[in-house]
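Each chain gets a letter, A, B and so on, in the order its sequence line appears, and its residues count up from 1.
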Number of protein chains: 2
Amino acid sequence: MKLKEFAKQLGLSPTTVSRALSGYPEVSEVTRARVVQEAVRLGYRPNVNAVRLKTGRVGAIGVVMGRAGEFHFAEFMAGMAERLVTEDTDILVIPMANPESDAEMQLYRRLAESQRVDAIIVHSPRPNDQRIALLHELGMPFLVHGRSDIDVPHPWLDIDNEGAVRRATSHLIDLGHTRIAMINGRQGATYALHRDVGYRSALQNHGIEVDPQLIANGNFTDELGFRFARSFLEQPKPPTAFVAGSMMTALGIYRAARSLGLQIGSDVSVIAHDDVFPYLTADNMVPSLSATRSSMRAAGTRCADLVLQLLAGRSPTEIHELWPVELILRESTGPVRALRT
Amino acid sequence: MKLKEFAKQLGLSPTTVSRALSGYPEVSEVTRARVVQEAVRLGYRPNVNAVRLKTGRVGAIGVVMGRAGEFHFAEFMAGMAERLVTEDTDILVIPMANPESDAEMQLYRRLAESQRVDAIIVHSPRPNDQRIALLHELGMPFLVHGRSDIDVPHPWLDIDNEGAVRRATSHLIDLGHTRIAMINGRQGATYALHRDVGYRSALQNHGIEVDPQLIANGNFTDELGFRFARSFLEQPKPPTAFVAGSMMTALGIYRAARSLGLQIGSDVSVIAHDDVFPYLTADNMVPSLSATRSSMRAAGTRCADLVLQLLAGRSPTEIHELWPVELILRESTGPVRALRT
DNA sequence: GACCAAATTGAAATCGATTTGGTTATGAAA
DNA sequence: TTTCATAACCAAATCGATTTCAATTTGGTC
């Protein structure tokens with residue numbers, strides 16, 4: 001059913017019908033009510049593509065998905081979905097072939113110019129992230145989930161990675177640990193950098209020297225958690241505590257410790273970052289996992305909200321949200337023990 | 001830059017330019033080459049919304065995302081993305097508020113009628129799934145990931161859940177197990193039903209009575225795996241083996257067994273279904289997990305491929321793919337032991 | 001050189017809405 | 001009674017492409 005046809009059935013002009021449905025004030029309330037009611041009855045719905053062409057709005061927020069298909073991603077999107085379900089906005093997932101800088105920039109450029117989305121959410125930004133410069137230059141509304149140092153104004157939402165890791169590390173130091181290993185995310189992203197800074201500053205605040213042999217970077221997988229932890233623990237001077245970037249990493253660390261006959265919480269302490277997943281909870285691990293916690297889902301919800309505000313006209317330059325991160329102590333952390341000989 | 005303007009700069013009509021870029025044969029090769037080249041140079045790209053309005057094609061595949069935000073989902077989408085990255089097609093994720101049947105149907109109806117997507121992928125279908133009837137009736141192209149009994153022709157791709165679980169269960173029986181617990185997915189979806197059938201038929205084939213006390217249904221979480229396993233193991237006549245629906249469930253079972261001082265692989269055997277995640281692998285669990293395996297990512301890739309074929313005109317009625325599932329035996333399964341007293 | 005088919009190119013209609021710039025009632029003020 | 005503001009509605013232009021139908025050019029044949 002087209003507008004023209006529908007309007008004719010109502011004995012009104014397309015103009016009035018369109019206005020009635022879009023809530024313009026120049027239509028009498030009684031007419032509007034009738035139009036709305038009849039639209040439902042006759043099943044008239046404006047053609048989305050015609051509306052988009054005419055208004056220039058799309059009703060979609062773009063998210064670029066790397067190949068990695070990280071488990072965080074689904075949570076973030078679920079969070080976005082929670083917020084967007086009441087709006088008439090959906091999520092466009094754009095696959096990214098390879099994250100080599102050149103193709104990536106091309107992708108963002110095409111996306112921005114193609115008018116397929118009203119706004120873009122940029123994930124895992126790097127310190128000097130050219131995507132941000134590009135989107136700013138193109139005038140495409142965007143929100144950065146994470147932070148960047150780049151000298152271009154941009155709205156962002158981030159969690160306090162540095163503070164979280166500093167607290168976690170300091171806590172371990174307070175427990176007497178001095179050899180604390182750090183299994184961080186992949187190098188390059190700002191969040192990994194921030195966590196690194198938090199880790200180093202905690203050590204330095206307490207006069208402990210940073211040992212590069214105890215620092216590793218890589219994807220958040222059980223596999224890497226195991227491999228790194230295992231190799232650390234097999235060093236002549238093994239760590240007595242771990243700070244880890246994800247729950248999956250923590251699973252790997254647990255496994256490595258067990259495989260060497262070490263007790264988590266007494267022989268080895270572990271604090272990991274928990275993005276809060278419905279299917280795997282820190283509290284349920286054995287022993288329960290001490291964690292820095294921040295809900296990825298909540299971040300998704302809030303990001304969606306902020307993007308909507310952005311599209312409604314809120315100034316991008318005033319959107320900067322830094323979320324504090326909880327530190328929740330459970331059984332996986334304890335005072336340092338004398339080393340085995 | 002608009003078509004009209006661009007055409008003028010080239011000294012051609014919009015018609016010819018449009019044809020040149022869309023690859024129509026009525027344009028001389030030399031003209032086409034020039035148009036394509038200039039389009040790149042001057043940065044002309046057809047307005048997506050105008051194209052959509054005119055052609056009725058959208059270049060997007062719709063996927064409805066439940067609130068659960070399951071971890072499988074991200075893998076499936078990553079798989080889709082892998083296939084779609086070379087096409088000019090993206091993925092539209094539509095948030096679903098609450099899965100109560102009525103609102104759900106409304107959502108699918110709106111989605112189908114709104115022309116926002118060219119096709120829809122239906123997930124976790126139920127035996128009598130009205131979504132399928134609806135989409136069929138509306139003439140919206142769709143592909144079912146999973147299967148349904150509904151009396152409406154529909155293209156689908158599914159894995160052999162029944163066969164997988166039958167093999168897994170039979171294998172456990174061959175190892176001497178007779179009390180085999182089944183921790184299945186949520187009731188309602190066909191796949192859970194098929195797995196249930198596979199489980200029961202294996203038992204019955206070997207003359208073992210089904211004990212309803214050993215069957216549980218629920219979300220694929222570590223938490224539920226633990227709770228169910230724990231309650232089963234505390235029964236007067238505990239199971240000596242488990243068949244479980246997911247890796248997360250298996251983690252919970254491992255934990256439950258450990259908490260009771262039971263050795264996985266000797267005291268208790270476990271086989272779980274592994275959707276193949278990059279961040280958590282069955283092989284890496286301790287002890288390594290015997291699993292029925294089928295790549296969720298590969299399914300996503302293939303589903304995207306099939307949808308593209310569908311859109312290219314392939315008949316929906318001839319698309320039925322049933323993927324076999326591997327059974328990979330590792331350390332978590334072993335011959336039954338005499339029960340503790 | 002005339003003729004005709006094939007190869008190219010264009011003008012204008014079209015997709016289905018929104019919105020600008022009116023026009024017509026209505027009722028209050030002069 | 002006239003005037004004028006306001007409320008309510010409408011005709012037609014517009015968004016930016018695709019595509020139908022018609023016009024022109026090209027090249028081969030007689």
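- Here CG of A:L143 is found 9.5 Å from NE2 of A:H154. Values are rounded to the nearest 0.5 Å.
- For the side-chain contact (heavy atoms from CB on, under 4.5 Å) with A:L134, the qualifying choice from A:M140, A:Q106, A:M105 is A:M105, the only one to do so.
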A:K2 and A:E5: CA distance, side-chain angles, deciding distance, salt bridge (charged side-chain N to carboxylate O under 4.0 Å, His left out) verdict: CA-CA 5 Å; A:K2 307 171 191 177; A:E5 190 186 343; over 6 Å; no

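- At the heavy-atom level, A:F6 lies nowhere under 4.0 Å from the strands shown.
- Donor-acceptor pairing under 3.5 Å is lacking for the side chains of B:T15 and B:S18.
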Distances for protein N/O vs nucleotides 5-10 of chain D N/O pairs under 3.5 angstrom?
| residue | atom | partner | partner atom | Å |
| --- | --- | --- | --- | --- |
| D:dC9 | OP1 | A:T31 | OG1 | 2.9 |
| D:dC9 | OP2 | A:S28 | N | 3.3 |
| D:dC9 | OP2 | A:T31 | OG1 | 3.2 |
| D:dC10 | OP2 | A:S13 | N | 2.8 |
| D:dC10 | OP2 | A:S13 | OG | 3.2 |
| D:dC10 | OP2 | A:T16 | OG1 | 2.9 |
| D:dC10 | N4 | A:R19 | NH1 | 2.3 |
| D:dC10 | N4 | A:R19 | NH2 | 3.4 |

A:R297 vs A:S295, test: side chain to side chain donor-acceptor pair (under 3.5 Å). Steps then yes/no. CA-CA 5 Å; A:R297 185 177 287 237; A:S295 163; over 6 Å; no

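- For DNA chain C, the outermost nucleotides in 5' to 3' order that have an atom under 4.0 Å from a heavy atom of chain B are C:dT8 to C:dG16.
- Annotation: proximity of residues 41-49 of chain A to DNA chain C (heavy atom, distance under 4.0 Å) is found for A:Y44, A:R45, A:P46, A:N47, numbered in ascending order.
- No close placement of the B:F71 and A:F277 rings is indicated, their centers lying 6.0 Å or farther apart.
- Remark on DNA chain D: of its neighbouring residues A:K54 and B:K54, the 5'-side contact belongs to A:K54, judged by nearest-heavy-atom nucleotide.
- Tested against B:V152 for a side-chain contact (heavy atoms from CB on, under 4.5 Å), the candidates B:L135, B:I132, B:D129 yield a single pass: B:I132.
- B:H136 has its ring centre no less than 6.0 Å from the ring centre of B:F142.
- Counting heavy-atom neighbours within 6.0 Å of B:R32 CZ, excluding the residue itself, gives a total above 12.
- Side-chain N/O atoms of A:T55 and A:R57 include no donor and acceptor closer than 3.5 Å.
- As judged by a 4.0 angstrom heavy-atom cut-off over every strand, B:S18 is placed among the base-contacting residues.
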